[in-house]
Amino acid sequence: MNSKKSALERITPFIYGTTRLGDDKIPFEERLRTARAAMNSGLWFHTSRAYGNALEVLAKAFSENPERIPKLIIKIGWNNINQLRGVIEENLKPLGLEGMQLGQLCMEGELAEDFANGGNCYKIFSDLKAEGLVQGYAVEVFPWTSDAPLRALRAGYTKGIVDGFIFYLNPLQRFAANELWDEITGRNENIIAMRTVSGGNIYKLRDEPGYAWKEYLQKRAAAAAPIFEKSGVKNWTEFCVRFAFSFKQVKATVGSTAKIENLNEFLSAKENIIPLPEEIVKEFEALHYKWSDEFDIHAERWSL
Ligand SMILES: NC(=O)c1ccc[n+]([C@@H]2O[C@H](COP(=O)([O-])OP(=O)(O)OC[C@H]3O[C@@H](n4cnc5c(N)ncnc54)[C@H](OP(=O)(O)O)[C@@H]3O)[C@@H](O)[C@H]2O)c1
């Protein structure tokens, strides 16, 4: 891992994800209130130009209270290195910011291949860092994009430039494919776990038709509920935060909400995080290995 100071050093254990700030079915003012509350609690934020008008909600909240502007993780990429600067600009400009804490590298096609082969992209990543546009990098991973990070990691190319890996890691999803997961944990690389509560309350995911956005998640909620109940933890949000931090590589978990009361649940769950009992974690680990091999890696890209 990076021997120099990591850009993750002061990361907050809970990161406020901003997808829900882009939901235009919710009044702008209501979303703004939640953004302000998250800012006031000192959390890092995770955002992207792809989240509706979340950046406009953030821009307003930031301009009202510049002292409280959070550290940001922003999605950047995509298919070739020439796109990077444009993507950075389309995120930073609306926010009126000069740089971001962490660039979430979303890489496909030519860029993923270059990354896997130790190519020119590493020089560009360094340049962007030297210019202060990006303080550090987390590599985004999905089951269908696990191969390039695996090759890069094994070849040692990520050393000194990549601060960690960011992917869905929650009770119902672990989106680094099995081989990559073993490599990341074996090498003790930093992880940022996404989708804290796996998309919502476990009983709603299990029981409310249409609540889980895909059928596989409803089935996984049904498989997970008895393990959750056995743990004795009463609150799903608390369980999920503790689940993420049951892996020592996890530095933060990213969850989203448009509601102040749910934000408050995340905030109380992040206080004194105690890892879950080992046998509970082991049961989920076994499910994750199985789900990954039997389902996730065969799924159509972006279908999960
Ligand atoms: N590829 C990527 O980069 C990527 C992909 C997915 C997610 N993410 C990041 O991760 C963040 C979180 O992901 P996510 O929104 O998909 O998943 P999540 O945080 O697991 O779930 C959010 C959903 O759960 C609900 N919720 C939140 N807290 C709750 C609580 N205490 N009780 C019941 N329901 C609750 C929210 O509804 P309410 O708003 O009504 O509370 C929302 O519908 C995103 O905002 C984004 O920043 C990144």
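These numbers come from the heavy atoms of this one structure, side chains and all, not from hydrogens, waters or symmetry mates. Both counts, for ligands and for their atoms, begin at 1 and track the order of listing.
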Could you tell me the residue and atom name of the protein heavy atom closest to [atom], and the distance to it rounded to 0.1 Å?
| atom | value |
| --- | --- |
| atom 43 (O) of ligand 1 | R20 NE, 3.8 Å |
| atom 15 (O) of ligand 1 | S256 CB, 3.4 Å |
| atom 47 (O) of ligand 1 | H46 ND1, 2.6 Å |
| atom 40 (O) of ligand 1 | K259 NZ, 2.8 Å |
| atom 3 (O) of ligand 1 | Q104 NE2, 2.8 Å |
| atom 17 (O) of ligand 1 | R195 NE, 3.5 Å |
| atom 10 (O) of ligand 1 | V254 CG1, 3.5 Å |
| atom 35 (C) of ligand 1 | N262 ND2, 3.6 Å |

Looking at [X] versus [Y], is the centre-to-centre ring distance below 6.0 Å?
| X | Y | result |
| --- | --- | --- |
| Y168 | F175 | yes |
| F142 | F167 | no |
| W181 | F247 | yes |
| F284 | F243 | yes |
| W44 | Y16 | no |

Polar side-chain atom of [X] near backbone of [Y] as donor-acceptor pair, under 3.5 Å:
| X | Y | answer |
| --- | --- | --- |
| N91 | V87 | yes |
| S41 | A38 | yes |
| R10 | T12 | no |
| T34 | A258 | yes |

Distance-only N or O hit between ligand 1 and [X], under 3.5 Å:
| X | answer |
| --- | --- |
| Y168 | no |
| G255 | no |
| E140 | yes |
| V197 | yes |
| G199 | yes |

Find all atoms of ligand 1 within a distance of less than 4.0 Å from any non-hydrogen atom belonging to F266, and give their numbers and elements.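 The list of qualifying atoms is 27 (C), 28 (N).
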Show the atoms of ligand 1 that are less than 4.0 angstrom away from any heavy atom in F142.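 Ligand 1 atoms under the 4.0 Å threshold to F142: 1 (N).
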Looking just at side-chain N and O atoms, do N53 and D24 make a donor-acceptor pair shorter than 3.5 Å?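 No donor-acceptor contact under 3.5 Å links the two side chains.
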Regarding D127 and Y122, is there a side-chain donor-to-acceptor distance under 3.5 Å anywhere?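 No, because no side-chain N or O of D127 sits under 3.5 Å from a partner of the opposite role on Y122.
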What is the ring orientation for Y137 with F125, classed by angle as parallel under 30°, tilted 30 to 60°, or perpendicular over 60°?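 Y137 vs F125 ring planes: tilted.
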Indicate the ring-plane relationship of F14 and F266, choosing parallel, tilted or perpendicular according to the 30° and 60° boundaries.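 Plane angle under 30°, so parallel.
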Option of least heavy-atom distance to atom 48 (C) of ligand 1 (set: E261, M194, R31):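 Of the listed residues, M194 has the closest heavy atom.
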Can you tell which part of [X] has a heavy atom less than 4.0 Å from ligand 1: side chain, backbone, both or neither?
| X | value |
| --- | --- |
| T237 | side chain |
| T18 | backbone |
| K75 | side chain |
| S198 | backbone |

Is Y16 close enough to touch ligand 1? Criterion: a residue heavy atom under 4.0 Å from a ligand atom.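 It does not; every heavy atom stays at 4.0 Å or beyond.
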